[in-house]
Trainee: 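Please see the structure below; I have some questions.
Whatever order the structure lists them in is the order used to number ligands and atoms, beginning at 1.
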Amino acid sequence: MEGLRDGIDAVDAQIVRLLDERARLAHRIGEVKLAKGLPAYVPSRERKVMERVVELGEGDFPKAGLEAVFREIISASISLEAPLKVAYLGPESTFTHEAARRAFGASVELEPEATVADVFARVERGEANHGVVPVENSMEGAVTHTLDELMGSPLRICGEIYLPISQSLLSREGSLEGISKVYSHPMGLAQAGSWLRRELPHAALEEAESTAEAARLASEERGAASVGSALAADHYGLRVLATDIQDARTNATRFIVLGRTWAGPTGRDKTSVVFSFKNRPGGLRDALSAFAEEGIDLRRIESRPSRRRAWTYVFFADFAGHPEDEGVRRALAKLEEHTTYLTLIGAYPEVRTPGGPEGAS
Ligand SMILES: O=C(O)C(=O)C[C@]1(C(=O)O)C=C[C@@H](O)C=C1
């Protein structure tokens, strides 16, 4: 065994030397970006680096491990280029925190904000380079605060993250017997509803501002538990009494990364627009025909009150492709002919969703 460990020591020394070499290159890229006023975080390039690394990894090292290792290597590289600040919908130890960690790794500065509007405001004021907010849940639908902010903001979507939402029961207590009260965000209580009714039928269910706030409350009270991310257990010194207690196993939330500009093309992208059209018969059909005529796959459409005049609406659409693609360019030109208002609110590498619709999976 000693000989094998010597082998590992020798390989580790090589890995560290190579990481240093990579860091020097990233540092130089950072200087070029600074001189040209370009952002440090380039999601399209990260996608290509990841895809290439996973493709190269045909040996014994697991692909998921390669992705995790390179997530952190790239995160450390970003921190060498610029002190990146990322605002997210807090508090700490919530699912949005987990999403931000997934997108940016551990080496960037993540800053919790109290509301979705605060996240937008911090990035708009230039106090943070990027923002991370939830935009839709596979069970509950759109996060309307986020759509409403997107409508009036100069910020653009430059990335997306899907997170399977796994709810856990956390408590100071050692078993379910001692639990008489359960705190969570209303969404957490709803998602774990069947499990709670079955396993803790006599417990009082109490709403909290966030799953993290619920964990804090549970940490201060005997006989209390909370429903939320297992991340919060460490943070508040709680035990994880049960995991995956949410009703549907496919429960996932989609988050977006906000920046000043959208991402460059990767060949597998998504574009987001917001538009409105004259209220006349066939108005929506005509607008959407722009996508059909160009054979562009519409991934999602959502309507919201315009908030300018009562009973008028705007539509949010996500579709496959990038604004630099010829077909998308033509579709957007056609769409514009049918709309009274059209803004491109983002373009970003599309994430494949397990169990998602065809084309997205
Ligand atoms: O290629 C770049 O633009 C880099 O800054 C390098 C690098 C990397 O480490 O590979 C780091 C940050 C970017 O988000 C993308 C890639």
Trainee: Quick one: does NZ or CZ of Arg308 land under 6.0 Å from the six-membered ring centre of Tyr341, within 45 degrees of the ring axis?
Mentor: yes

Trainee: Between the side chains of Thr115 and Asp118, does any donor sit under 3.5 Å from an acceptor?
Mentor: yes

Trainee: Are His322 and Tyr348, when compared by the centres of their aromatic rings, separated by less than 6.0 Å?
Mentor: no

Trainee: If hydrogens are left out, which of Glu46, His27, Arg47, Met50 has an atom nearest to atom 15 (C) of ligand 1, that is, the closest non-hydrogen atom?
Mentor: Glu46

Trainee: Looking at non-hydrogen atoms alone, which of Glu81, Lys48, Arg28, Arg45 comes nearest to atom 4 (C) of ligand 1?
Mentor: Glu81

Trainee: At a 4.0 Å cut-off, with the gap strictly under it, does some heavy atom of Ala40 reach an atom of ligand 1?
Mentor: yes

Trainee: Run the ring-centre check on Phe316 versus Phe275 and record whether the distance is less than 6.0 Å.
Mentor: no

Trainee: Measuring from atom CD of Glu51 to atom CZ of Arg47, what distance do you get when rounded to the nearest 0.5 angstrom?
Mentor: 5.0 Å

Trainee: Can you tell me how the ring of Tyr88 sits relative to the ring of His97, calling it parallel under 30°, perpendicular over 60° and tilted otherwise?
Mentor: parallel

Trainee: Step through the shown structure and confirm whether more than 12 heavy atoms of other residues, nucleotides or ligands are within 6.0 Å of CD on Glu31.
Mentor: yes

Trainee: Examine Ile78 against ligand 1 and note whether any of their N/O atoms are separated by less than 3.5 Å.
Mentor: no

Trainee: Classify the contact between Ser77 and ligand 1 as side chain, backbone, both or neither, using a heavy-atom distance cut-off of under 4.0 Å.
Mentor: side chain

Trainee: For atom 3 (O) of ligand 1, which protein heavy atom lies nearest, and how many Å away is it?
Mentor: Lys33 NZ, 2.8 Å

Trainee: For atom 9 (O) of ligand 1, grab the closest protein heavy atom and report residue, atom and distance to one decimal in Å.
Mentor: Arg22 NH1, 2.8 Å

Trainee: Provide the number and element of each atom of ligand 1 under 4.0 Å from a heavy atom of Tyr41.
Mentor: 14 (O)

Trainee: Closer than 4.0 Å to some heavy atom of Val42 - which atoms of ligand 1 meet that?
Mentor: 3 (O), 13 (C), 14 (O), 15 (C)

